[in-house]
Amino acid sequence: MTKNEIRRIYLARQRSLGERERDGKSLKIANLFFENFSLEKFCFLHIFLSMEKHREIKTNPIIKRLWMDFPEITTVVSRVDFETMSLEVLKYKHGTRLIKNKWEILEPRNAEIVDIKKIDVVLVPLLAFDQRGFRVGYGKGFYDRFLSDCRKDVLKIGLSYFAPVMEISDINEFDIRLDFCISPDNIRKF
């Protein structure tokens with residue numbers, strides 16, 4: 001299937017999840033993340049803030065545990081720069097004020113900008129992924145551009161409600177492969 005076909009199907013599946021199911025799947029993903037990755041070696045961790053309108057995986061359980069159990073890790077999130085159509089990286093800590101941008105995505109207001117090359121691990125949003133580790137997002141290419149600007153050794157971990165599709169048929173040279181993907185029942189390594 002093509003990205004557009006997969007995007008249409010999985011966006012509908014994601015939006016159809018009930019709140020209780022979404023909470024349960026998000027918590028399972030958070031637990032698998034903390035149980036299977038050694039965070040002591042990370043200094044800067046990038047995480048996405050969930051888009052409620054698309055019913056994305058809730059990342060708050062991960063964020064709260066990072067702040068509580070791993071205060072030495074600097075948590076960073078993105079803000080869309082609409083002039084360059086790229087993502088800026090900003091520190092995100094308890095008390096950071098968030099506002100919605102024009103796409104209704106929460107972003108820090110007046111937070112400190114962080115050099116993208118400092119990031120050790122990126123938790124990547126997606127709608128679907130395939131068995132080779134390629135992902136389908138929302139179609140704007142923000143995360144592929146963002147990941148290509150990160151260090152070559154940055155750890156790329158996708159978070160997905162669903163099992164992988166067999167293959168995304170229209171992968172191109174700009175698509176960035178994940179290193180891992182966590183879904184509620186397991187972790188896949190690529």
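Between the side chain of S86 and the backbone N or O of D81, no donor-acceptor pair lies under 3.5 Å. Between the side chain of E88 and the backbone N or O of I113 there is no donor-acceptor pair closer than 3.5 Å. For R188 (side chain) and Q131 (main-chain N/O), no donor-acceptor pair under 3.5 Å exists by modelled atom type. Judged by distance alone, the side chain of D120 and the main-chain N or O of C43 form a donor-acceptor pair under 3.5 Å. A distance-only check finds no donor-acceptor pair linking the side chain of D170 to the backbone of T2 [under 3.5 Å].
Inter-residue side-chain proximity for Y143 and I176 is flagged as unmet; no heavy-atom pair is nearer than 4.5 Å. Taking the side chain as every heavy atom from C-beta outward, M51 and E104 never approach each other to under 4.5 Å. Within the 4.5 Å cutoff, side-chain heavy atoms of F146 are placed close to those of I116. Contact check for L106 versus V77: no side-chain heavy atoms found under the 4.5 Å cut-off. Using a 4.5 Å heavy-atom threshold, the side chains of D175 and K3 count as touching. Residues I171 and R132 have side chains in contact (heavy-atom distance under 4.5 Å, counting atoms from C-beta outward).
Cation-pi geometry between R145 and F142 is satisfied (NZ or CZ under 6.0 Å from the ring centre, within 45° of the ring normal). Both tests do not hold together for R13 against Y161: distance to the six-membered ring centre under 6.0 Å, angle to the ring axis within 45°.
For the residue pair S183 and L32, the shortest heavy atom distance occurs at O-CD1, 3.2 Å. Taking both residues in full, the closest heavy atoms of L155 and F42 are given as CD2-CZ, 3.7 Å, listed atom of the first, atom of the second, then distance. Taking all atoms of both residues into account, the shortest heavy-atom contact from M68 to P71 is O-CD, 4.0 Å. Smallest separation of non-hydrogen atoms from S160 and I57: N-CD1, 3.4 Å. Between P61 and F34, the shortest heavy-atom distance links the atoms O-CE1, 4.5 Å. Minimum interatomic distance between R151 and I119 (heavy atoms only, all atoms of both residues): NH1-O, 3.2 Å.
Classified by interplanar angle (parallel below 30°, tilted 30° to 60°, perpendicular above 60°), the ring pair F129/F190 is perpendicular. Between F180 and F37, the angle of the ring planes goes over 60°, which puts this pair in the perpendicular group of the 30/60° scheme.
A salt bridge between E35 and K28 is absent, with no side-chain N of the basic residue lying under 4.0 Å from a carboxylate O of the acidic one. Residues K117 and D115 are not paired through a salt bridge, judged by the lack of any N-O separation under 4.0 Å between the basic side chain and the carboxylate.
Summarising the local packing, NZ of K53 is surrounded by more than 12 heavy atoms from other residues, nucleotides or ligands at distances under 6.0 Å.
The only member of R22, R15, K100 that meets salt bridge (charged side-chain N to carboxylate O under 4.0 Å, His left out) when paired with E52 is R22. Considering D179, V124, V121 as possible partners of I157, the one that fulfils the side-chain contact (heavy atoms from CB on, under 4.5 Å) test is V121.
Hydrophobic clustering places W103 together with L126 (ILVMFWY residues linked when any side-chain heavy atoms are closer than 4.5 Å, directly or through intermediates). Linking Ile, Leu, Val, Met, Phe, Trp and Tyr whenever their side-chain heavy atoms come within less than 4.5 Å leaves L27 and W67 in two separate clusters. A single hydrophobic cluster is not seen to contain both L90 and V76; linkage of ILVMFWY side chains at heavy-atom distances under 4.5 Å, directly or through other members, places them apart. Hydrophobic clustering keeps Y138 apart from F174 (ILVMFWY residues linked when any side-chain heavy atoms are closer than 4.5 Å, directly or through intermediates).
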Evaluate the criterion side chain to side chain contact (heavy atoms under 4.5 Å, CB included) for residue pair E56 and L49; output intermediate values, then yes/no. CA-CA 9 Å; E56 278 187 326; L49 298 175; over 6 Å; no
The test is side chain to side chain contact (heavy atoms under 4.5 Å, CB included); show your working for F33 and R65 and say whether it passes. CA-CA 11 Å; F33 172 68; R65 187 158 171 201; over 6 Å; no
Let's go through K64 and H94 carefully: what are the C-alpha distance in whole Å and the side-chain angles of both, what is the deciding distance for side chain to side chain contact (heavy atoms under 4.5 Å, CB included) to 0.1 Å, and is it a yes or a no? CA-CA 9 Å; K64 288 178 181 177; H94 185 71; over 6 Å; no
Are R135 and L178 close enough, and set up right, to give a side chain to side chain contact (heavy atoms under 4.5 Å, CB included), and what steps lead you there? CA-CA 8 Å; R135 59 180 278 283; L178 299 168; 4.2 Å; yes
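From L98, atom CG reaches atom OH of Y92 across 4.5 Å, with rounding to the nearest 0.5 Å. R79 CZ to R109 CZ: the interatomic distance, rounded to the nearest 0.5 Å, is 10.0 Å. Interatomic distance, I62 CD1 to T75 OG1, rounded to the nearest 0.5 Å: 10.5 Å. Here CD1 of I63 is found 9.0 Å from CG of L123. Values are rounded to the nearest 0.5 Å. Interatomic distance, F134 CZ to I168 CD1, rounded to the nearest 0.5 Å: 8.0 Å. Separation of atoms CG (D185) and NZ (K25) is listed at 6.5 Å; rounding is to 0.5 Å.
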